[in-house]
K.L.:
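My structure is below; once you've seen it, I'll send some questions.
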Amino acid sequence: MAEQSRELATGMESLAAQAFEVAGEAFNLGSPKQLQEVLYDKLGMPALRKTQKGQRSTAEPVLQELASRGFDLPRIILEHRSLSKLKSTYTDSLPAEINQRTGRIHTSYNQAVAATGRLSSADPNLQNIPIRTAEGRRIRQAFVAPPGRKLVAADYSQIELRIMAHLSGDEGLLSAFDGGDDIHRATAAEVFGCGLDAVSDDQRRSAKAINFGLIYGMSAFGLGQQLGVSRHVADEYIERYFDRYPGVHAYMETIRAQAHDDGFVETVFGRRLYLPEINDRNRMRRQAAERTAINAPMQGSAADIIKRAMLAVDAYCADPGVDAAMIMQVHDELVLEVAEGAEDTVIDGVTGRMRDAARLSVELVVDVGVGDNWDEAH
DNA sequence: CGCCCGCGCGCG
DNA sequence: AAAGCGCGCGCGGGCG
């Protein structure tokens, strides 16, 4: 970690020097205020978005857009940000969290924080360890199994979409999961009207954004932004989607109506999330509550299911014949430390219990990996 | 100096 | 006017 911190620092210095060249002056790249002055006052770039408090935003999507318009500095700032995020949040901080007695990092899981029923992890948060970039994965590689043991990571595949299929009963979605299809590819084939084999990478990417967007209650505007297409085109995607999966459309309408009538929504197991602002006079608050109403049954049911799985897996690990321990939970993933040689048996035991944690009208599928470190186990 | 807020961004 | 759900944390900046 120390070596990585130094590498990140070197990268940040080089980017600061580049910023100096472009801007004609040195400034603190981490200071939004100074960055605003350089970008919008000194270099005269258009302020594309304001923050909640009326400041000219320097958030990632804004800088992305400026970079795509040919400005150099935003790209440098974005690179600097990602390095600085990794350094301050992870490589500088995590070593200080090592417990002197155990030689390990121990997190705390909060059971009564997240409104949807998820666990949250704090002091330190081990549910946001990087994975999406190569640089970030190097941090994940620092989470290692002790000698003679392996890490096993088991995660639910597309659990929220499967719950949507279950809750909506939509024929098309159910049969896509039954057939074991790549769900984003299947969605792309439906929305773009082609065969599964004819789906392009770009179409699959769009379909993935549509699938996630639906879970979050996203609008055509938001989808368009994300995909870099017009609102009109995004609208057509959504229309096609609901045309192909009418059960999903009906479910969205039903859950909205229920939320307005009852003031709460429920998970598959009947756990409630109350929505006090669902009938608010303020439209923005009302719409935010509607998005929560759409998302909460899926996110919340997934949380219920993995908690049930954790009880079963914990009981399994308590068996004296099983040399394994459940050490982390990351929303749809369980991480175990397992004795070398016992991997195959434990993987069977754990994935079986995760699969059986709930009986939905679609199968629950669990992907699993083994390795000497957390990155390898994926 | 400690505390709090807004912003920005890491993860699912 | 706003426009995607749920978290936790580091930083800059302002305050008492």
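No experiment lies behind these values; they were computed from the predicted model shown. Chain letters run A, B, ... following the sequence lines, proteins first, then strands; residues in each count from 1.
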K.L.:
Find the distance between CG (A/L214) and CD (A/E160) and round it off to the nearest 0.5 Å.
P.N.:
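Interatomic distance, A/L214 CG to A/E160 CD, rounded to 0.5 Å: 12.0 Å.
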K.L.:
Output the rounded distance in Å from CZ (A/R286) to C1' (C/dA1).
P.N.:
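Rounding to the nearest Å, CZ of A/R286 and C1' of C/dA1 are 14 Å apart.
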K.L.:
How about A/Y237 and A/F192: are their ring centres within less than 6.0 Å of each other?
P.N.:
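When the ring centroids of A/Y237 and A/F192 are compared, they turn out to be within the sub-6.0 Å range.
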K.L.:
Rounded to whole Å, how long is the line connecting atom CG of A/L8 with atom P of C/dC11?
P.N.:
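Checked: the CG to P distance equals 13 Å.
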K.L.:
Using the six-membered ring wherever Trp is involved, compare the ring planes of A/F143 and A/W374 and label them parallel, tilted or perpendicular (cut-offs 30° and 60°).
P.N.:
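Taking A/W374 first and then A/F143, their aromatic rings stand perpendicular (interplane angle over 60°).
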K.L.:
So does A/Q127 reach the base of C/dC7 with its side chain, donor to acceptor, closer than 3.5 Å?
P.N.:
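Side chain to base: no pair present.
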K.L.:
Do A/H378 and A/E333 get their side chains close enough for a donor-acceptor pair, meaning under 3.5 Å?
P.N.:
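The answer is yes; a qualifying pair exists.
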K.L.:
Can you check the A/M328 CE to B/dC11 P distance for me, whole Å?
P.N.:
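It is 15 Å, rounded to the nearest whole Å.
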K.L.:
How long is the line joining CD1 of A/I129 and P of C/dG10, in whole Å?
P.N.:
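In whole Å, C/dG10 P lies 11 Å from A/I129 CD1.
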K.L.:
Report all interatomic pairs (protein N or O, nucleotide N or O of nucleotides 14-16 of chain C) with separations under 3.5 Å.
P.N.:
{"unit_1": "C/dG14", "atom_1": "OP1", "unit_2": "A/K33", "atom_2": "NZ", "d": "2.9"}

K.L.:
State whether the distance check finds a donor on one side and an acceptor on the other, under 3.5 Å, for side chain A/R81 versus base B/dG8.
P.N.:
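Checked by distance alone, the answer is no.
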K.L.:
When you look for runs of 3 or more Watson-Crick or G-U pairs in a row, both distances below 3.5 Å, which of them include DNA chain C?
P.N.:
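Only these stems qualify: B:1-12 with C:5-16.
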K.L.:
If you measure only the distance, is there a donor-acceptor pair under 3.5 Å linking the side chains of A/D375 and A/Q141?
P.N.:
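Indeed, the side chains of A/D375 and A/Q141 share at least one donor-acceptor pair under 3.5 Å.
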K.L.:
Could you work out, with side-chain hydrogen bond (donor to acceptor under 3.5 Å, both in side chains) as the rule, every residue matching A/E65, not counting sequence neighbours?
P.N.:
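Applying side-chain hydrogen bond (donor to acceptor under 3.5 Å, both in side chains) to A/E65 gives A/R69.
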K.L.:
Compare side-chain N and O positions of A/S31 against OP1 and OP2 of C/dG13 and report whether any pair is under 4.0 Å apart.
P.N.:
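It does, given that an N or O in the side chain of A/S31 lies less than 4.0 Å from OP1 or OP2 of C/dG13.
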K.L.:
Checking contacts here: which listed nucleotide (C/dC5, B/dC11, C/dG8) is nearest the side-chain heavy atoms of A/Q299?
P.N.:
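Nearest to the side-chain atoms of A/Q299, counting from C-beta on, is C/dC5.
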K.L.:
Any donor-acceptor pair under 3.5 Å joining the side chain of A/N128 to the base of B/dG10?
P.N.:
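Donor-acceptor pair under 3.5 Å: yes.
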K.L.:
Any side-chain N or O of A/T116 less than 4.0 Å from the OP1 or OP2 oxygen of C/dC5?
P.N.:
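For A/T116, the contact criterion (side-chain N or O under 4.0 Å from OP1 or OP2 of C/dC5) is not met.
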